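Here's the structure we're looking at; comments come further down.
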Amino acid sequence: MTSVITSRARHVAVIGLGAAGLVAVRELRREGHTVIGFEREKHVGGLWVYTDRVEPDSLSVDPDRTIVHSSIYQSLRTNLPRECMGYSDFPFVTRSSDGDPRRYPDHREVLMYLQDFAKEFKIEDMIRFETEVLCVEPSPENNRKWRVQFKSSSGVSGEDIFDAVVVCNGHFTEPRLAHIPGIESWPGKQIHSHNYRIPDPFKDQVVIVIGSQASGNDISTDIATIAKEVHISSKMVASDSYGCYDNLRIHPTIYRAREDGSVVFRNGKVVFADAIVHCTGYKYHFPFLKTSGYVTVEDNRVGPLYKHVFPPALAPGISFIGLPFMGLQFFMFEIQSKWVASVLSGRVKLPAEDKMMEEAIAFYSKLEGLGIPKRYTHFLTDPRGNPMLGTFKPEDAVVISQSDYFNWIAKQCGCTSIERWRERLYNVAIKKVFFGGDSYRDRWDDDQLIEEVYREFAKLKPNQDCSS
């Protein structure tokens, strides 16, 4: 357990008011800090604020493009059951009157949950809406403080000085693209899933979807309802197979594209396609953060970072909430925020800078020794045998599981770690994502576990109707 010292309040900026920023504001205020949140949109919710607007550059590679923050498509539903998605003391349960009652609800239900959370804890009072952060850098007058320069939608610019800045701007706006030899001369249309909303533009077309994770599976089945053919390019298969629709095929990765409109897969299969949809993920991107090159993003590794949160030389003045992916996101945002808030108050002390750097370097070396690419640095589950990472030998050591990570943070700040029921529910759900078929969201056999979950919800201070 880290040592405890005298607590004090800080003046803190939070950048981004999605699911991470909302709970960061709450935890910072609970710890006694004064907080100002900066949100460039009109509403809280971040990623979960749906818009039918897309970027003019369908691949989002033009640095001067007009950026649309949201990446969700009209048909999106959660890929985890609502019960394990919510914050620890604010259950994500079925709304008593309106909304989507399904256990795997649509994106509108998630947004309403976040709006309810913001209202319950009076978070909007601390937010500057329609305000974009342009620059975060050490204050020229005092390099222990941070200068935040910003600009409102009406064109008014300003700056404030803060003791600390918590970065919660998400990582779903800067797309990663697949490398396809010959794509420069291929004549078809390309789009990244960031700019996908509805299947209508692909009516009667032959479409290739690159990627078979959550968005790739969702979008391919969405498009298959209206397209002539849909072909999924997946790292997880070595030969061709059929999907859930007669017009949907699954192939290995793409070998090359040709100027005659054909696309060749690694098993030799050739498809003449009208469009390619890149469901290939996103890059971490912090254009406003000026640290003289100390914090970098290299092959999607944000570093150097201690425990995915603190840059050793800049801690605790700069911290990141929400970098790890593929886990219990809302709970992780919450427990990371508790840690950051307690460190900033001085209630919990970080190790010395050299010790934090030493641990970060050791972690990176361990990843390298396991053959895990840098882009999976912030992947918080057991990498062995995971479809995203390939097959590892049984004797390969676990780098760090999300439960271990949560338990470690909880020990630091003296808070409750992940509940047993939440961990069990997540473990069941994540297997269904990979192996449960296309209708996994609407089939489950965990009634006994769900009864236990709702008994636990009933013990909390009532802030929502948990009777369902």
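Keep in mind it's a predicted model, so treat the numbers as computed, not measured.
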Side chain to side chain contact (heavy atoms under 4.5 Å, CB included) partners of A118, counting only residues at least two apart: L22, V44, I123, E124
Residues which pass ring-ring contact (aromatic ring centres under 6.0 Å, His included) with H278, listed by chain and number, not counting sequence neighbours: none
Salt bridge (charged side-chain N to carboxylate O under 4.0 Å, His left out) contacts in which one or both residues fall within residues 276-291, not counting sequence neighbours: none
Sequence-distant partners of S152, side chain to side chain donor-acceptor pair (under 3.5 Å), two or more places apart: S154
Pairs touching residues 20-31 that satisfy salt bridge (charged side-chain N to carboxylate O under 4.0 Å, His left out), sequence neighbours left out: R26-D89, R26-E334, E27-R30, E27-K338, R30-D89, E31-R347
Set of residues satisfying side chain to side chain donor-acceptor pair (under 3.5 Å) with respect to H194, sequence neighbours excluded: E55, S71
Test side chain to side chain donor-acceptor pair (under 3.5 Å) applied to E358 - qualifying residues, sequence neighbours left out: none
All salt bridge (Lys or Arg N to Asp or Glu O under 4.0 Å) counterparts of R40, not counting sequence neighbours: none
Sequence neighbours excluded, every pair satisfying side-chain hydrogen bond (donor to acceptor under 3.5 Å, both in side chains) that has a member inside residues 310-319: none
Qualifying residues under salt bridge (Lys or Arg N to Asp or Glu O under 4.0 Å), relative to E298, sequence neighbours excluded: K374
Listed once per pair and sorted, the salt bridge (charged side-chain N to carboxylate O under 4.0 Å, His left out) pairs that draw on residues 162-174, sequence neighbours left out: R65-E174, K145-D163
Those residues that, when tested against T78, pass side chain to side chain donor-acceptor pair (under 3.5 Å) (two or more places apart): none
Candidate list V167, N169, I15, test side-chain contact (heavy atoms from CB on, under 4.5 Å), partner V133, passing option: I15
